[in-house]
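Position 1 is the first residue of the sequence, and the numbers go up from there.
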Amino acid sequence: MAKSKNQNFLIAILLTTIFMGSSFPTGKYLISVEHVPPFLLGGWRFLLAGILMLLWSLITGGFKTLIPESAGDKKKGFLLVAVIGLLQTTGTMGFLNLSMAAGVSSSMSSIILFTNPLWLAVMAHFMLNDKLNRWKMISLILGIAGVVVCLGLDSSGAGIGLLFALLGSFCWAVNTVITKKVPFDKGSWIFTAWQLLLGGLFMLILSPLMHESYNPTHISSWGWIWFIWIIIPASVGSFGLWFYSLHQRGATIASGFLFLVPLFSTIFSVIGLHDQFSIQLVVGGLLVVSSLFFLNKKEVKQYGGRKWDYGK
């Protein structure tokens, strides 16, 4: 029984990281090859993903399960998911798409974006009473060194794009601090569904303000295939499997596998988009990925099987 549970967890978390990793080259393809504007792409992606998640909850749990609440307060619940949607979906993913639109490779964007646990460790020290220890400091130094390498050795002229990815990472860290300080009553699935839907809606509102326009008849058959992929497996599927993984082992252990996301993103980018390895990518990426692995490994060792509620 325990062996089967372990196997189920490993399969679920690996598929989670594979699907998450695939979203970076898929988004890069749609932006750079199909020329879909970044906020228009993100807006429809997350709006449709949020609707699908809410429809599933409506079918399985009824209408009452859909209403967001925070400490029993519906207004506070809607305000919370709106703020998180603005930070996590509009901010993080909007900056990510802008990064790739500026010419940054999907592999590099994913590496920079997934430095967010490092910035979270600093914020948590001051705001969540989760003090920095020796191992976290070492991880932070490694991660910052990796970012400096990625930013400082950029020769593609896409330095602004790397800064966009870094801003997206900061948005993710701020979002995590808020979700840990403000309670949400309806669980992670509903929380994520609402923040995706509202964040996608915010992106669609911003799209015309950024003078974006696109004729959907211009997208190719492959473009439609990858658009469907980025909504269902890469968004709904990855979140669904992520929540299953959290239920099996808790956030501390499950989060330790997230360092695989930029690794899979790089592999898929090399295979599908023919991205080239460079000294910048290899050195910076290894520093960042090793820092994330080191950070999570030490946390697992220190806290053991402690479970954290995702989205709370």
Side-chain angles (χ1 to χ4, degrees), residues 15-17 19-24 26-27 30-31 36-61 63 65-70 74 76-98 100 109-110 113-114 116 168-169 171-176 178-180 182 184-207 226-246 251 258 261 309-312:
L15 286 175
T16 298
T17 55
F19 287 156
M20 285 185 179
S22 73
S23 68
F24 292 89
T26 304
L30 290 168
I31 290 171
V36 183
F39 269 70
L40 194 64
L41 171 63
W44 283 112
R45 170 191 175 184
F46 296 116
L47 179 69
L48 293 174
I51 289 173
L52 288 174
M53 293 177 75
L54 288 175
L55 283 175
W56 176 259
S57 298
L58 178 64
I59 293 170
T60 57
F63 180 76
T65 63
L66 304 183
I67 308 301
E69 294 181 5
S70 177
K74 294 181 176 61
K76 189 176 178 181
F78 274 109
L79 179 61
L80 176 62
V81 293
V83 169
I84 298 305
L86 190 60
L87 279 171
Q88 178 71 17
T89 300
T90 308
T92 297
M93 304 311 297
F95 279 125
L96 172 67
N97 283 357
L98 285 175
M100 292 189 288
S109 295
S110 66
L113 187 69
F114 271 85
N116 77 88
S169 183
C171 284
W172 194 346
V174 173
N175 155 78
T176 305
I178 294 174
T179 58
K180 287 183 177 293
V182 182
F184 187 76
D185 302 347
K186 291 297 181 72
S188 302
W189 180 267
I190 296 296
F191 180 86
T192 301
W194 275 111
Q195 67 101 348
L196 288 179
L197 187 149
L198 293 175
L201 184 60
F202 292 147
M203 293 181 83
L204 289 178
I205 292 172
L206 288 172
S207 178
W226 294 128
F227 181 64
I228 293 170
W229 175 273
I230 208 173
I231 293 172
I232 300 178
S235 296
V236 179
S238 65
F239 282 117
L241 289 166
W242 171 247
F243 296 141
Y244 175 81
S245 302
L246 291 176
L258 289 181
V261 175
D309 291 328
Y310 181 77
K312 293 189 178 183

| task | Output yes when a side-chain donor or acceptor of Thr26 lies under 3.5 Å from a complementary backbone atom of Ser22, and no otherwise. | result | yes
| Under 3.5 Å, side chain of Thr89 to main-chain N/O of Gly199, donor-acceptor pair present? | no
| note | Exactly one of Thr176, Thr92, Thr179, Ile178 clears side chain to side chain contact (heavy atoms under 4.5 Å, CB included) with Leu87, and that residue is Ile178
| message | Measuring centre to centre across the rings, with the benzene-like ring taken for any Trp, is Trp229 within less than 6.0 Å of Phe19? | response | yes
| Between CH2 on residue Trp172 and CG on residue Asn116, distance to nearest 0.5 Å | 4.5 Å
| task | Please find out if less than 6.0 Å separates the ring center of Phe227 from that of Trp44. | result | no
| message | Quick check: closest heavy atoms across Leu113 and Gly168, and the distance to 0.1 Å? | response | CD1-C, 3.7 Å
| said: Do Trp194 and Ile84 make a side-chain contact, defined as non-hydrogen atoms from C-beta onward lying under 4.5 Å apart? | reply: no
| request: Rounded to the nearest 0.5 Å, what's the gap from CD1 on Ile67 to NZ on Lys74? Could you check? | output: 7.5 Å
| If every non-hydrogen atom of Phe184 is compared with every non-hydrogen atom of Gly77, which pair is closest and at what distance? | CE1-O, 4.3 Å
| If you take all heavy atoms of Thr90 and Leu86, which pair is closest and at what distance? | CB-O, 3.3 Å
| Value rounded to 0.5 Å, distance of OG1 in Thr192 from CD in Gln195 | 5.5 Å
| message | When you compare the side chain of Phe191 with that of Lys186, does any pair of heavy atoms fall below 4.5 Å? | response | no
Counting only pairs under 3.5 Å, give me each side-chain donor-acceptor contact of residues 231-239, with atom names and distances, residues two or more places apart or in other chains.
residue, atom, partner, partner atom, Å
Ser235, OG, Arg45, NE, 2.9
Ser235, OG, Arg45, NH2, 3.2
Ser235, OG, Ile230, O, 2.6
Ser238, OG, Ala234, O, 2.8
Ser238, OG, Ser235, O, 3.1

| Ser109 and Met100: which non-hydrogen atoms are nearest, and at how many Å? | OG-CG, 3.5 Å
| Closest approach of Met53 and Ala193, non-hydrogen atoms and distance? | CB-CB, 3.6 Å
| remark: Heavy-atom closest pair (Leu15 atom, Leu241 atom, distance to 0.1 Å) is CB-CD1, 3.6 Å
